[in-house]
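Just so we're clear, the structure is a prediction, and the values are computed from it rather than from any experiment.
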Amino acid sequence: YTLDTACSSSLAAVHLARESLLAGECDLALAGGAQVIADAAMFDALGSAGALAPDGRSKTFSAAADGYGRGEGAGVVALMRLSDALASDAPVFGVLLGSAVMHDGTSSGITTPNGASQQRVIRRALDAAGISPQSVDYVECHGTGTVLGDPIEVNALAAAYGPREPGMPLRLGTAKSVIGHLEAAAGIAGLCKVLASLRYEALPATLYSSPRNPHLDWDGLCVEVVDELTPWRGNVQRPRRAGVSAFGMSGTNVHLLVEQAPATVPLASMTPNEATTDLMKGESDV
């Protein structure tokens, strides 16, 4: 079936697919989203609302953040229960540990993020996954690149995932700085980026993130923006884990928690195509 929760649509689809698998309603689920810019009407509407960056670049976490750049694309993931995937020798790119969906309700305007709601959806996802906040290394942020929205999201992440051990900050990034905001497909783009990052043991750069947004206490918060290609190695203490966020203009917030594939499973084959290679290098043609 189809659903529309604006910019959180594709991650909401992944959440519902996971719920269907756990309930035994299906054994294989395909979930994803697509974004095609077919006419100029939405450009006009978003431009009038002040949502679009004049230069077409999403400058997330930056003092120069002034809206987002639109992008096009599509992504789909196939989900199975892990036991079924292992039994069938299906390639495993990552494990979806937990997910949560909730709505801002009347506490937020249509274009204004709600930090308290963002914290709640993250904590619900952590509870569903049964893991501690400190065991998560990285979060693929919604990160639209606005002076108001970015601080609300980063503060919510710091609150939900903190406190952290010294020298072990929560790393933050967003694919929007490279490929633009795919709107209905934004969440699946972020999830695909995380799966690629797990596969290649590296976190891509978030572009245009400097100078940092002055409305955030970067020294006081235990967070760190990944602004250059950064190794993401595994260790024997625990598997690598990441969160993925998508917040819809409709008020529907989604958060997923993903873990690297089990060590006993051979790495799934993944041939980097041009788009994935550019994403991992942190390149943009904008």
Is there a side-chain contact between L97 and V258 (heavy atoms, below 4.5 Å)?
-> no

Do the side chains of L46 and I179 join up, straight or via other hydrophobic residues, at under 4.5 Å, putting them in one cluster?
-> no

Could you tell me which non-hydrogen atom of L229 sits nearest to which non-hydrogen atom of A205, and how far apart they are?
-> N-CB, 4.0 Å

Verify, without hydrogens or angle tests, whether W232 (side chain) and Y200 (backbone) share a donor-acceptor contact under 3.5 angstrom.
-> no

Working to the nearest 0.5 Å, report the span between CD of Q118 and NE2 of H255.
-> 10.5 Å

Separation between CZ (R238) and OG (S135), nearest 0.5 Å, reads 6.0 Å

S10 side chain to A184 backbone, donor-acceptor under 3.5 Å | yes

CA sep, side-chain torsions, deciding dist, call: L3, S9, side chain to side chain contact (heavy atoms under 4.5 Å, CB included) | CA-CA 7 Å; L3 60 90; S9 296; 4.2 Å; yes

Shortest non-hydrogen contact from A34 toward A185 | N-CB, 3.8 Å

Is the CZ atom of R123 crowded by more than 12 outside heavy atoms at less than 6.0 Å?
-> yes

Start with the C-alpha gap between L157 and N155, add the side-chain angles, then the distance that decides, and say whether side chain to side chain contact (heavy atoms under 4.5 Å, CB included) holds.
-> CA-CA 5 Å; L157 288 166; N155 280 319; over 6 Å; no

Answer yes when D227 and R212 have at least one side-chain N-carboxylate O distance shorter than 4.0 Å, and no when they do not.
-> yes

CD/E153 to CG/L216 distance, rounded to the nearest 0.5 angstrom?
-> 10.5 Å

Would you mind reporting whether L126 and R124 have side-chain heavy atoms less than 4.5 Å apart?
-> no

Is there a side-chain contact between S20 and C26, using heavy atoms and a 4.5 Å cut-off?
-> yes

Hey, does the side chain of E140 reach the backbone of A175 with a donor-acceptor pair shorter than 3.5 angstrom?
-> yes

Are V154 and V147 linked, directly or through other ILVMFWY residues, by side chains that come within less than 4.5 angstrom of each other?
-> no

On a heavy-atom basis, the closest approach of G143 and K176 is O-CD, 3.5 Å

Less than 4.5 Å apart, any side-chain heavy atom of L16 and any of V101?
-> no

With distance as the sole test, does S8 use its side chain to make a donor-acceptor pair with the main-chain N or O of F247 at under 3.5 Å?
-> no

Does any N or O in the side chain of D84 come within less than 3.5 Å of the main-chain N or O of M80, such that one atom is a donor and the other an acceptor?
-> no

Short side-chain donor-acceptor distance under 3.5 Å, S209 and T206 = no

Look at atom CD of E165 and say whether more than 12 heavy atoms of other residues, nucleotides or ligands are closer to it than 6.0 Å.
-> no

Gap separating the CG atom of D137 from the CG atom of L203, nearest 0.5 angstrom = 8.0 Å

H181 ring center within less than 6.0 Å of H142 ring center = yes

Contact check, side chains of L191 and V77, non-hydrogen atoms, under 4.5 Å | yes

Where do W218 and N213 come nearest, in terms of heavy atoms and distance?
-> NE1-O, 2.9 Å

How many angstroms lie between CD1 in I131 and CG in L257, if you round to the nearest 0.5 Å?
-> 4.5 Å

Considering all heavy atoms, the nearest L198-R240 contact = O-NH1, 3.0 Å

Does L52 belong to the same Ile/Leu/Val/Met/Phe/Trp/Tyr cluster as Y208, with side-chain heavy atoms less than 4.5 Å apart forming each link?
-> no

Return yes if some donor-acceptor pair links the side-chain N/O of E72 with the main-chain N/O of I37 below 3.5 Å, else return no.
-> yes

Approximate separation, where rounding is to 0.5 Å, of L195 CG and R199 CZ | 12.0 Å

Polar side chain donor-acceptor pair, Y68 to E183, under 3.5 angstrom = yes

Please answer whether the main-chain N or O of S177 pairs with a side-chain N or O of S58 as donor and acceptor at a distance below 3.5 Å.
-> no

Common cluster, V244/L79, ILVMFWY with side-chain heavy-atom separation under 4.5 Å = yes

R70 NZ/CZ over F43 ring centroid, <6.0 Å and within 45° of normal | yes

Indicate yes or no for a side-chain donor-acceptor contact from S62 to the backbone of P211 under 3.5 Å, with no hydrogens or angles considered.
-> yes

Between P204 and S197, what is the shortest heavy-atom contact and its length?
-> CD-OG, 3.4 Å

Give a yes or no on whether V95 and V76 share a hydrophobic cluster (residues Ile, Leu, Val, Met, Phe, Trp, Tyr; joining criterion: side-chain heavy atoms under 4.5 Å apart).
-> no

Under 3.5 Å: donor-acceptor pair, side chain of R164, backbone of P133 = yes

Within-4.5 Å side-chain heavy-atom neighbours: R18 and L22 | yes

Are R81 and D27 ion-paired here, with the side-chain N under 4.0 Å from a carboxylate O?
-> yes

Give a yes or no on whether the backbone of G145 and the side-chain of D150 come within a donor-acceptor separation of less than 3.5 Å.
-> yes

Would you please test V226 and L172 for side chain to side chain contact (heavy atoms under 4.5 Å, CB included) and show each step?
-> CA-CA 6 Å; V226 181; L172 309 178; over 6 Å; no

Do Y161 and Q134 pass the side chain to side chain contact (heavy atoms under 4.5 Å, CB included) test, and can you show the C-alpha distance, the side-chain angles, and the key distance before you say yes or no?
-> CA-CA 6 Å; Y161 278 103; Q134 293 74 24; over 6 Å; no

